[in-house]
Amino acid sequence: MAGNSRSSIHGQWSSRWVFVLAATGSAVGLGNIWKFPYIAGENGGGAFVLVYLICIAVVGLPVMIAEVMLGRRGRQSPINTMKSLSQEAGASPLWQLLGWSGVLAGFLILSYYSVIAGWAINYVLEMGAGTFSGSSAGQVKAVFDELLADPLKLTLWHTLFIIATMVVVARGVRGGLEKAVTFLMPALFMLLIILLGYAMNSGAFMQGLAFLFTPDFSAITGKGVLIAMGHAFFTLSLGMGAIMIYGSYMRSEDSIARTAIMIVAADTVVALVAGMAIFPIVFANGLEPGAGPGLVFQTLPLAFGAMPGGLLFGTLFFILLFFAAWSSSISLIEPAVTWLVENRNMKRVSASIVCGIATWALGMGTVLSFNLWAEVKLFDMTFFDLLDFLTANIMLPLGGLFVAVFVGWIMSRQSKADEMATKHLFAFRAWNFLLKYITPLAVVVIFLQSTGLLAKITA
Ligand code: PFF
């Protein structure tokens with residue numbers, strides 16, 4: 001089976017660089033620019049950032065390599081890939097469930113991801129129209145609060161974003177995904193560099209750096225550690241099949257490990273640069289680092305509104321955020337679309353429409369959770385908080401854990417070595433060791449400690 005010359009029925013990237021761009025496009029998204037700064041702010045800064053970086057290195061990178069490898073060997077939707085690879089390994093067909101949980105997670109994430117990406121679209125227009133020129137912190141916050149209080153506006157942008165996503169997905173691997181990322185990613189990197197230069201002159205650059213990089217371990221809790229680990233999976237698009245499906249379009253002759261390192265490095269750099277651009281502005285204006293999901297929407301317009309050229313750079317920034325979200329959202333739904341094409345005999349266009357409508361409908365729950373349903377809570381969380389917590393902090397780490405167990409313990413060494421085709425025996429062994437022991441242990445220990453069980457067990 002899965003011989004080296006096979007390719008996916010859905011298509012193949014035209015070069016190694018396109019795979020790097022596409023996977024980086026998936027990884028770099030709202031997670032880096034919107035979520036990372038606000039969860040770092042809520043969880044005390046430096047110590048949280050350190051835990052996050054450790055998780056990226058010892059859990060994220062090995063799982064990234066494993067997922068690309070599984071995808072390329074299986075060359076199908078994550079569900080069918082897990083089915084044939086478990087057959088190849090003589091293991092239980094239940095391993096397919098890993099593919100199913102991935103498809104479900106992607107669908108759940110896209111439903112709220114699209115609503116937040118919609119905020120970015122709204123801010124492109126507000127910034128461009130000069131709404132924030134000379135505004136006070138209170139006025140900027142009022143614009144944000146008004147947006148969240150308006151279900152119609154949120155629905156409009158959410159709808160637009162789902163359509164944008166589905167148009168790309170419907171056009172397929174080469175005509176859609178590949179074309180989108182080869183334009184979006186270079187644009188995104190250029191905008192980010194411009195923005196960093198801008199933040200360096202904001203006045204409180206050093207204070208921002210100190211907040212991000214001086215660990216204060218008293219500021220982090222068990223739940224903070226869980227959030228840091230969950231975010232390592234979320235930001236790298238791991239644990240749900242997105243990277244697996246992108247791996248299935250990769251050419252057989254390209255090196256997996258080297259490519260994965262590039263993707264992880266690029267994603268981490270973007271998150272840190274986003275933090276370095278945002279916290280100086282927070283401190284220079286006496287804002288609250290723990291402001292929550294509104295952080296970038298309440299800090300950056302203030303700074304842009306007060307600076308020369310702010311209208312232009314501010315508008316560019318929110319365009320960047322929108323692009324970053326767009327190149328990620330397509331990978332969230334690609335696993336589901338490919339499964340419908342493979343198993344339900346659907347055309348890509350119809351499969352995209354079905355997925356789009358379903359995600360749109362579920363997304364309405366998130367839209368309403370910011371206004372009409374703001375008081376509807378389960379475990380003290382709104383609909384949006386619950387989806388975010390369930391996917392990023394539970395489903396993705398569990399998915400990653402099972403990827404590690406499958407590759408570390410179930411797949412034959414021969415299959416792995418064959419697909420990786422590595423000449424670096426030491427690196428291969430180190431990777432295998434991390435997947436076998438360290439990744440599962442880290443995920444389980446972090447789960448246990450966040451529930452307080454670890455303290456009870458060790459007491
Ligand atoms: N990695 C994306 C981000 O950081 O915004 C979010 C994401 C995309 C998560 C694709 C999971 C995924 F499969």
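Counting convention: from 1, in listed order, for ligands and their atoms alike. Positions are given from 1 along the sequence.
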>> Please determine whether a side-chain nitrogen of the Lys or Arg among Asp388 and Lys35 lies less than 4.0 Å from a carboxylate oxygen of the Asp or Glu.
In response: yes

> So Trp34 and Trp119, would you call those rings parallel, tilted or perpendicular, with 30° and 60° as cut-offs?
Replying inline: perpendicular

>> For Asp385, give me all partners under salt bridge (charged side-chain N to carboxylate O under 4.0 Å, His left out), at least two apart in sequence or on another chain.
In response: none

> Can a donor-acceptor pair be found between the side chains of Thr382 and Trp373 at a distance below 3.5 Å?
Replying inline: no

Between ligand 1 and the protein, which N/O pairs fall short of 3.5 Å?
{"unit_1": "ligand 1", "atom_1": "1 (N)", "unit_2": "Ser26", "atom_2": "O", "d": "3.2"}
{"unit_1": "ligand 1", "atom_1": "1 (N)", "unit_2": "Ala27", "atom_2": "O", "d": "3.0"}
{"unit_1": "ligand 1", "atom_1": "1 (N)", "unit_2": "Phe234", "atom_2": "O", "d": "2.8"}
{"unit_1": "ligand 1", "atom_1": "1 (N)", "unit_2": "Thr235", "atom_2": "O", "d": "3.2"}
{"unit_1": "ligand 1", "atom_1": "1 (N)", "unit_2": "Ser237", "atom_2": "OG", "d": "3.0"}
{"unit_1": "ligand 1", "atom_1": "4 (O)", "unit_2": "Ala27", "atom_2": "O", "d": "3.0"}
{"unit_1": "ligand 1", "atom_1": "4 (O)", "unit_2": "Gly31", "atom_2": "N", "d": "3.4"}
{"unit_1": "ligand 1", "atom_1": "4 (O)", "unit_2": "Asn32", "atom_2": "OD1", "d": "3.3"}
{"unit_1": "ligand 1", "atom_1": "5 (O)", "unit_2": "Leu30", "atom_2": "N", "d": "3.1"}
{"unit_1": "ligand 1", "atom_1": "5 (O)", "unit_2": "Gly31", "atom_2": "N", "d": "2.7"}
{"unit_1": "ligand 1", "atom_1": "5 (O)", "unit_2": "Tyr113", "atom_2": "OH", "d": "2.5"}

> Mind checking what makes salt bridge (charged side-chain N to carboxylate O under 4.0 Å, His left out) contact with Lys83, not counting sequence neighbours?
Replying inline: none

> Of all residues at least two apart in sequence or in a different chain, which pass the salt bridge (charged side-chain N to carboxylate O under 4.0 Å, His left out) check with Glu126?
Replying inline: Lys153

